[in-house]
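Accompanying notes for the structure given below.
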Amino acid sequence: MAPLEKRLEPYVLLLSLLFLTISYSVSRGGDDERTQPAYYQLEEAILESEMRRGINIGNALEAPREGEWGVYIRDEYFRIIREAGFDTVRIPIKWSAHADINPPYRIDEDFFKRVDWVVNKSLEQNLITIINIHHYEEIMQDPFNHRSRFITLWRQISEHYKDYPETLYFELLNEPYGELTDEKWNELVQEAVETIRETNPTRKIIIGPTGWNSVYNLKGLVIPEDENIIVTFHFYTPFEFTHQGAEWVSPSPAVGRKWLGTEAEEKTILDELNMAAQWAAQHGNIPLLMGEFGAYSKADMDSRVRWTRFVAREAEKRGIAWCYWEFCAGFGAYDPDKGEWRIDLLNALISEKHYITVETEYGNALGAGWYDEGSYALIRMNATSWGFFVFDHFEGLGPRDMVIDEGTVEIYVDESKVIKAVWIIDYVKPLAVALICVVACAAAILYKKLRS
Ligand code: BGC
């Protein structure tokens, strides 16, 4: 009979094999997680509440009564918006039509319930949800007599939503203008922020400049000292194009103006966006939101699509979050009668994603995956030498791609691309090995000779 150790040998071997297999598959599982396509990482980032791309549900709660302007907010709108790829919804609200005219300016309870329902549906879809005070025309004409009502509205709203998730944002007032001069508006902003902070110490508060939230009026805006402020502006340049045939503008700009994307047309837009970005940079890189932009349906669809794509991408390049004006009314990206998106407008907003692939013979490259059109894919070699080979350069780069350092490159995403890593032989290594061999052989021969 063989000794015990000998008999156990096959089992020990089997067990070791099993152990090796398990640990290999566990470590592979980890690898898979690390190399998930960037697209999924992006989706997670959105869930962690980064505001980038949003849409206004306009003409609903900012009408004197919801439904009067043709839009009644439906449950499924938020799922439709979320699934299309938006991360934010802005809900304009005419609180002033649902609160007493006299002190204590009580907001109607049923109206609060309706807003609660809307806000909850939106938050349930993981959408950052902005509520504001919209169309408070009286305060634009007579700020002095409406100051205390405005502040009291915010006291009630902020008390009511104080326990809501941090993904609910407050925007103080849509498009201040008229008698609400820079000076008066800045005072009101300060007071409103202090009021909100009594109950909501860290909630994001959005404020915008006078002149209907014009970029040109940013210079007059005083930002309260507070870490959770976002600054908004609205963008409808050129107004004669975006508002052609608009019934609520007098005189209404003539219909028929196109936006072709000529160099001059683009420059007008870039100048204004640069102005906003520079202002933000000079103010501690304060986050910017382009809270409204869009072109009315009386303009031709091709021009609207071109304009919308250009403005959205250029804002993104400058790190400006945006909310399109608006979901399903006169500027609508969604057709509520057909129950479908106006696909060209949607694509102009939520651009297509493209796949960036990296081919390499040695080592492996990180960063392959799905990326948004107009973004940059960061591709990095995880090792730049492999045996006798060293990484030399990437092949397939375009004029907008940027080499960051040896083995790292930023690829501009405008279509699906294959990037190839080119490796060359490192002649020093084989030569060194050959030299060592020669020396060793010579030494062996010499040794043999000396022995004989
Ligand atoms: C107004 C809307 C208008 C839009 C574009 C918004 O701020 O509230 O009534 O349609 O701007 O002019």
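As the structure lists them, so they are numbered: ligands from 1, and atoms in each ligand from 1. All of these numbers come straight from a predicted model, not from anything done at the bench.
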Per-atom filter on ligand 1: closer than 4.0 angstrom to a heavy atom of Glu175 are 7 (O)
The closest protein heavy-atom partner of atom 6 (C) of ligand 1 is Glu292 OE1, 3.1 Å
Between the CZ atom in Phe170 and the CG atom in Asn200, the distance rounded to the nearest 0.5 Å is 4.5 Å
Would you please indicate if the ring centroids of Trp322 and Phe235 are separated by under 6.0 Å? no
Would you say ligand 1 has an N or O under 3.5 Å from any N or O of Asn59? no
Nitrogen or oxygen atoms of His234 and ligand 1 under 3.5 Å apart | no
Margin query: Between Trp185 and Tyr177, is the ring centroid distance below 6.0 Å?
Written below: no
Give a yes or no on whether the ring-centroid distance for Tyr324 and Phe327 is below 6.0 angstrom. no
The answer for which part of Glu326 has a heavy atom under 4.0 Å from ligand 1 is neither
Restricting to heavy atoms, the pick from Trp325, Trp212, Phe331 nearest atom 2 (C) of ligand 1 would be Trp325
Going by the 4.0 angstrom heavy-atom rule, the piece of Asn174 near ligand 1 is side chain
Check this for me - ligand 1, His134, N or O atoms closer than 3.5 angstrom, yes or no?
yes
Item to complete: Take the angle between the ring planes of Trp325 and His134 and call it parallel below 30°, perpendicular above 60°, tilted in between.
Response: parallel
Could you tell me whether ligand 1 has any atom less than 4.0 Å away from a heavy atom of Tyr236?
yes
Rounded to the nearest 0.5 Å, the CG atom of Asn132 sits from the CG atom of Asn174 at a distance of 5.5 Å
* Between His135 and Trp69, is the gap from one ring center to the other below 6.0 Å? -> yes
Please find out if less than 6.0 Å separates the ring center of Tyr105 from that of Trp95. no
for atom 5 (C) of ligand 1, nearest protein heavy atom and its distance come out as His243 NE2, 3.3 Å
Item to check | His135 to ligand 1, any heavy atom closer than 4.0 Å | outcome: yes
